[in-house]
Amino acid sequence: MQILTQERQPGDPPISKGFPAPPTGYVRLHGSLNANKSKWRTSMSFYLVRLEPDGNGGMQDVPIPDFGPYDKGSEAAKFAKTLTEQRGYKVQPRRMAQAPDWRGRQQERLATGALKALPAAWDLEPIKDHFAHICPRDATKIAFTESDEHGTIDRTTSLNPGRYITRFYEADGKIPDAHRRKLIAAIDPNGEIFFAFSPEEIVHVYKTGPGSCMDAKHTFAGMEPHWPTEPYGAGDLAVAYTKNADGRIQSRCLCWPEKKIFGRCYGDIERMIAAMRAEGYTYLRADEGKFPPGAKLLKIEHPERMWEYVMPYFDDIEMVILKGDHFETYDGILANLPLGTKYISCGGSSGRSMLYQYCPKMRTGQPAHSFKLVHGVNLEWSKQAYDSHAFTCSGSGKLYSNEFRVTMATPGIYWGHDHFAEHGEHCAVTKKNYPKTEMVQKGDRRVHNSVAWRFDDDGKELPAKKVREIEADRWSNVTIGDLIGEKPWRRDMRYLSKSRFEREYNAVTNTVETRVTGRQADQVIIDDPFAQLDPRQQEEMTRYMGDLIDRQLRDQMLRGLPEPAARYDYDPTR
């Protein structure tokens, strides 16, 4: 049994309706089939011919390439009868062993010009029994006889010149690129592939090639002297392109020559894809793939826009990550990036992009320049994250996560847990947190200096009677005027009458002058803050000041507004 590869190329005559492909007698081999080929097993004993006059009164056999060969003569006879009825000319089966010399036939056709020979520039040694020639149906391809059976039935296979070279001439080593391009151009001038590696060459291809958002018809204000596609010119990636007969760039695609892969094509798309595949490249979009990690791109800062970089619109590149003085391609997801990695997902049609970073708190990409180190969790968070979930330690000026916050006695003041551990103390008497410098030692007790007078030198609390005597002496001369500056938002307990409040308040806060109006000398209060308040605010102020007078709140008058008992926000056991 012989193994044949049957490959139909674009442009080959179609198999007539009603006839299976392949014919009966073929048995599919065990295993998978690729997209372009089917492998079959057969003895190839019979083929079909049509009878045509030879000009001398006789008939000659003309092989029919679209059908056969067949394993059984009965099967060949059945197809011959059907074709005769359908097409109106005589079709008969023949044995392979009785076939005429097809090699002589092909040689004669080449000699007479019936088949167009390959050009002289094609200087490779001819493959035996291929009788390679220019395909009559597509002058950009090479047609050849693939096997003895195909030769018998006058069937040829056609391939792009690049694919023909790869398949039959590069089994033992690759032909140099320059020689390869010369051979391809000899068959198909438009199929010759050129490669642009440098930033200048790449920019030229994008500007003058097929239309896109990166061509010369677009402007990128403020980016001069750079162009968005310059970053591709770092050495790993290249732009493959072809030219038409006039020398103008007709198609292009981004590729990675070392990996033999290429992405989206522009311009003459089908021809570009075919030409790249003929060069041995794999088309990423065939399997919805992306450029793998590691291809370098140039790091070019935008000339005018702070924190932005020159970067093209990406085709088939997931993102690029910052690697010191350059970028590299990356085909994973954001969450898998090492924390702190800076990246760009695409320059977009604007040709520029801000540097981004993955925020572990928000779990999204955020502008990289907005990140700050957050103590406690010891991670970099974005501005959106630390504005909502962190605070600034008033003692050290560092950012901390809210879960590591310690509330101090002074309202609105917070310290980080480690700063408080080193510089702060908790007062068991007031139930609040203070700087160590405000704490005093009373025996074996540490108390805040505002309540230290309540204890003797041994740390024992004074009797209640003694405390009241000291309080009376300390507060007997306190007036409302002494309390000016306190925030008027405490509203509880007793309050002064308005007349008493105004009398004492004005006495210490206002300038009084005498003005003569007619026969009466009136005292006019100048710049009276209380008079500038509306009735509701006056009432609130009155209640507040009265509350401060209350002897039950005299401790709070030294330290500010009364607050709920302070506590440690940070619990190291959590």
Side-chain angles (χ1 to χ4, degrees), residues 307 339-340 357 359-363 366-442 445-455 474 478 482-492 529 540-541 544-545 547-548 552-574:
W307 300 311
L339 290 179
Q357 184 174 328
C359 177
K361 184 65 175 179
M362 306 307 296
R363 297 185 179 182
Q366 301 287 332
H369 66 272
S370 70
F371 278 67
K372 291 183 180 179
L373 178 64
V374 177
H375 294 266
V377 294
N378 294 322
L379 294 173
E380 287 190 337
W381 284 3
S382 65
K383 187 177 188 303
Q384 182 182 1
Y386 60 69
D387 279 351
S388 302
H389 305 284
F391 71 98
T392 300
C393 172
S394 299
S396 65
K398 297 178 180 179
L399 271 176
Y400 284 84
S401 174
N402 283 342
E403 59 187 300
F404 299 96
R405 183 177 67 183
V406 177
T407 302
M408 303 301 289
T410 304
I413 300 300
Y414 305 100
W415 280 12
H417 68 293
D418 54 356
H419 185 77
F420 180 80
E422 183 176 355
H423 301 286
E425 281 190 64
H426 182 73
C427 177
V429 177
T430 64
K431 309 299 184 184
K432 294 185 179 183
N433 305 315
Y434 302 92
K436 281 185 177 180
T437 55
E438 296 181 10
M439 302 292 287
V440 296
Q441 190 74 34
K442 289 289 186 175
R445 184 195 296 267
R446 294 280 292 176
V447 296
H448 188 249
N449 57 24
S450 65
V451 293
W453 57 272
R454 293 183 178 183
F455 303 87
R474 286 165 58 96
V478 175
D482 296 328
L483 305 176
I484 297 304
E486 298 290 348
K487 296 180 180 179
W489 296 115
R490 176 71 179 179
R491 56 182 92 166
D492 197 5
E540 292 292 333
M541 176 67 81
Y544 167 70
M545 300 303 291
D547 190 22
L548 290 180
Q552 300 299 321
L553 302 177
R554 55 179 59 93
D555 288 342
Q556 285 80 353
M557 288 192 293
L558 288 178
R559 298 189 300 276
L561 295 178
E563 289 271 335
R567 61 182 177 84
Y568 286 93
D569 294 71
Y570 170 69
D571 182 358
T573 64
R574 283 187 296 189

With sequence neighbours left out, what residues match Glu438 under side-chain hydrogen bond (donor to acceptor under 3.5 Å, both in side chains)? His448
Distance-only, no hydrogens or angles: does the His423 side chain make a donor-acceptor pair with backbone N or O of Pro435 under 3.5 Å? no
Compare all side-chain heavy atoms of Asn402 with those of Phe391 and state whether any distance is below 4.5 angstrom. yes
Aromatic rings Trp307 and His369: how do their planes relate, parallel, tilted or perpendicular, breaks at 30° and 60°? parallel
Quick check: closest heavy atoms across Ala390 and Leu399, and the distance to 0.1 Å? CB-CD2, 4.3 Å
Nearest 0.5 Å please: distance from the CZ atom of Arg363 over to the OG atom of Ser382. 13.5 Å
Tell me the closest heavy-atom pair linking Gly376 and His417, and the distance in Å. CA-CE1, 4.0 Å
Would you mind reporting whether Val429 and Phe455 have side-chain heavy atoms less than 4.5 Å apart? yes
Cys393 and Tyr414, any side-chain heavy atoms less than 4.5 Å apart: no
For Trp381, give me all partners under ring-ring contact (aromatic ring centres under 6.0 Å, His included), at least two apart in sequence or on another chain. none
Keeping the roles fixed (side chain from Ser370, backbone from Pro367), state whether a donor-acceptor pair exists under 3.5 Å. yes
Partners meeting side-chain hydrogen bond (donor to acceptor under 3.5 Å, both in side chains) with Glu380 (sequence neighbours left out): Gln357
Residues passing the salt bridge (Lys or Arg N to Asp or Glu O under 4.0 Å) test with Lys383, sequence neighbours excluded, are Asp387
Quick one: does Asn449's side chain have a donor or acceptor within less than 3.5 Å of a partner on Met439's backbone? no
Looking at side-chain heavy atoms only, is the closest gap between Met408 and Ser394 below 4.5 Å? no
Side chain to side chain, Phe404 and Val377, heavy atoms closer than 4.5 Å: yes
Minimal non-hydrogen separation, Ser401 against Val374, with atom names: N-CG1, 3.3 Å
I need the minimum non-hydrogen distance between Asn433 and Thr407, along with the two atoms involved. ND2-O, 2.6 Å
Check whether more than 12 heavy atoms from other residues, nucleotides or ligands sit under 6.0 Å from atom NZ of Lys436, and answer yes or no. yes
Applying side-chain hydrogen bond (donor to acceptor under 3.5 Å, both in side chains), can you list everything that pairs with Tyr400, at least two apart in sequence or on another chain? Asp418
Interatomic distance, Phe371 atom CZ to Leu339 atom CG [nearest 0.5 angstrom]: 9.5 Å
Not counting sequence neighbours, which residues clear salt bridge (Lys or Arg N to Asp or Glu O under 4.0 Å) with Lys442? List them please. Asp457
Residue pair Ala452 / Val447: nearest heavy atoms and the distance that separates them: CA-CG2, 4.0 Å
For a side-chain contact (heavy atoms from CB on, under 4.5 Å) check, start with the C-alpha distance between Lys432 and His426, then their side-chain angles and the critical distance, and finish with the verdict. CA-CA 6 Å; Lys432 294 185 179 183; His426 182 73; 5.6 Å; no
May I ask you to test the Lys398-His419 pair for a side-chain heavy-atom distance under 4.5 Å? no
